[in-house]
Amino acid sequence: MPELPEVETALRGVSPYVLGKRVREVIVRDKRLRWPVLDTIHELEGCRIETGTRRAKYLLFGTAKGTLLLHLGMSGNLRVLPAETPFKKHDHLAITLEGGKQLRLHDPRRFGAALWIEGDPMDHPLLKDLGPEPLGDGFTAEHLQAACKGKTAAIKQVIMDAHVVVGVGNIYASEALFMAGINPRQAAGKVTKPKLGKLVKAIREVLAASIEMGGTTLRDFLNESGEPGYFKLTLRVYDRAGEPCRVCKTPIKRIVQGQRSTFFCPTCQK
DNA sequence: AAAACTACCTGAGTGC
DNA sequence: TGCACTCAGGTAGTTT
């Protein structure tokens, strides 16, 4: 599910309801997420949530005492509901706020995470070695060129490596490579400089456009108001194997790279 | 150092 | 209806 646009959409959706609110109670209904949810999560109780930010696909809710880090994994979503709303299966974490609302983490596959961090969250092992934000100033053509230099790994694998740039998931990796006219199997070190420049631009554009539209929806993602996003309607190659390329009509191909599906147009992406 | 692979988990869809 | 199978948006951690 959540690629970066969905995570950003979730953050924007819940922020108005949680920012400035004090946490009454943290309810752990199932601690078996990617890592066991520790009892330290209850340190959040009594704290006022002062900030809501995102780093890569991690959500950070800051208080004076520490930071709540959430990750939505493959199948997670956040909802804000009246605290008395019956729990659904897979509602693993619930944070009751002053005023009677509750922030809930729902995650069928349980690849998500919930951690309590004291001190600067950017020093946390999960965050300290991450590459630049794709929509930030640090993600430049020069940066990507330096990261690709001499690499034999496929360009798709490289742009999905969080040490190179964060937030480029499986859908948008395929989409951006199509937009830049790059074959996903090409060795990163062999992609020309101008193409890498185009790729930076494509990654920024596709992510920004999807955030604008409220995130792509596949399967179980619902945005904060319960309405699905509509970006899937405009996907260029992802999940379109056998269908005609929107530019040249060549059938879109599906291959497997690093145990993940890749979609591309053999004509437009040389 | 870099690349390849493993592990974690449920649910939807397909074919018989 | 049921069973067996494949596939799915992520990524830390391990092995080669």
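Source: prediction; values computed, not measured. So that the names make sense, note that chain A is the first sequence line, chain B the second, and so on, each numbered from 1.
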Please tell me which of A/Val158 and A/Gly258 maps to the more 5' nucleotide of DNA chain B, matching each residue to the nucleotide holding its nearest heavy atom.
A/Val158
How is A/Arg32 classified with respect to the nucleic acid when contacts are heavy atoms under 4.0 Å: base, sugar-phosphate, or nothing?
nothing
Now, which nucleotide makes the Watson-Crick or G-U wobble pair with B/dA12, with each of the two distances under 3.5 Å?
C/dT6
If only side-chain N and O atoms of A/His90 are considered, is one of them under 4.0 Å from the OP1 or OP2 phosphate oxygen of B/dG11?
yes
Just to confirm, is there a sub-4.0 Å distance from OP1 or OP2 of B/dA4 to any side-chain nitrogen or oxygen of A/Gln259?
no
How many Å lie between CG on A/Asn170 and P on C/dA8, as a whole number?
8 Å
For the NZ atom on A/Lys151, are there more than 12 heavy atoms of other groups (residues, nucleotides or ligands in this structure) within a distance under 6.0 Å?
yes
Is there a donor and acceptor pair, one atom on the side chain of A/Arg109 and one on the base of C/dA8, closer than 3.5 Å?
yes
May I ask you to establish whether A/Arg204 and A/Phe139 are in a cation-pi arrangement, using a distance under 6.0 Å from NZ or CZ to the six-membered ring centre and at most 45° from the ring axis?
no
Atom NZ of A/Lys57 and atom P of C/dA12 are separated, to the nearest Å, by 10 Å
Applying the 5.5 Å / 30° rule, does A/Phe111 stack onto the base of B/dC8?
yes
Less than 4.0 angstrom between a side-chain N/O of A/Tyr238 and OP1 or OP2 of C/dA8, yes or no?
no
What is the distance, rounded to the nearest whole Å, between atom NE2 of A/His71 and atom P of B/dC8?
19 Å
For A/Leu72 and B/dC8, what is the distance between atoms CG and P respectively, to the nearest whole Å?
22 Å
Just the rounded figure in Å: distance from P of C/dA12 to CG of A/Leu33.
15 Å
From CG of A/Asn77 over to P of B/dT10, roughly how many Å is that when rounded to an integer?
17 Å
Quick check against the 3.5 Å criterion: does A/Asn170 have a side-chain atom that pairs as donor or acceptor with the backbone of A/Ser261?
yes
Under 4.0 Å: is that the gap between some side-chain N or O of A/Ser75 and OP1 or OP2 of C/dG10?
no
From B/dA3, B/dC9, C/dA12, nucleotide with atom closest to A/Arg34 side chain:
C/dA12
Any Lys/Arg nitrogen of A/Arg104 or A/Asp91 sitting under 4.0 Å from an Asp/Glu carboxylate oxygen of the other?
yes
Span that lies between the P atom of C/dT6 and that of B/dT6, in whole angstrom
15 Å
Would the number of heavy atoms belonging to other residues, nucleotides or ligands and lying under 6.0 Å from NZ of A/Lys31 be above 12?
no
Given C/dT6, is OP1 or OP2 found less than 4.0 Å from the side-chain N or O atoms of A/Arg254?
no
Under 4.0 angstrom, heavy atoms only, what part of the nucleic acid is A/Arg110 near: base, sugar-phosphate, or nothing?
sugar-phosphate
Tell me the interatomic distance from A/Leu127, atom CG, to C/dG10, atom C1', rounded to whole angstroms.
15 Å
What's the closest nucleotide to the side chain of A/Glu3 if the choices are C/dG10, B/dA3, C/dA8?
C/dG10
Keeping the roles fixed (side chain from A/Thr85, backbone from A/Leu81), state whether a donor-acceptor pair exists under 3.5 Å.
no
Round to a whole Å and report the spacing from CE of A/Met74 to C1' of B/dA12.
14 Å
Does B/dA3 have OP1 or OP2 sitting under 4.0 Å from an N or O in the side chain of A/Thr152?
yes
Is the distance from OP1 or OP2 of B/dT10 to the nearest side-chain N or O of A/Lys89 less than 4.0 Å?
no
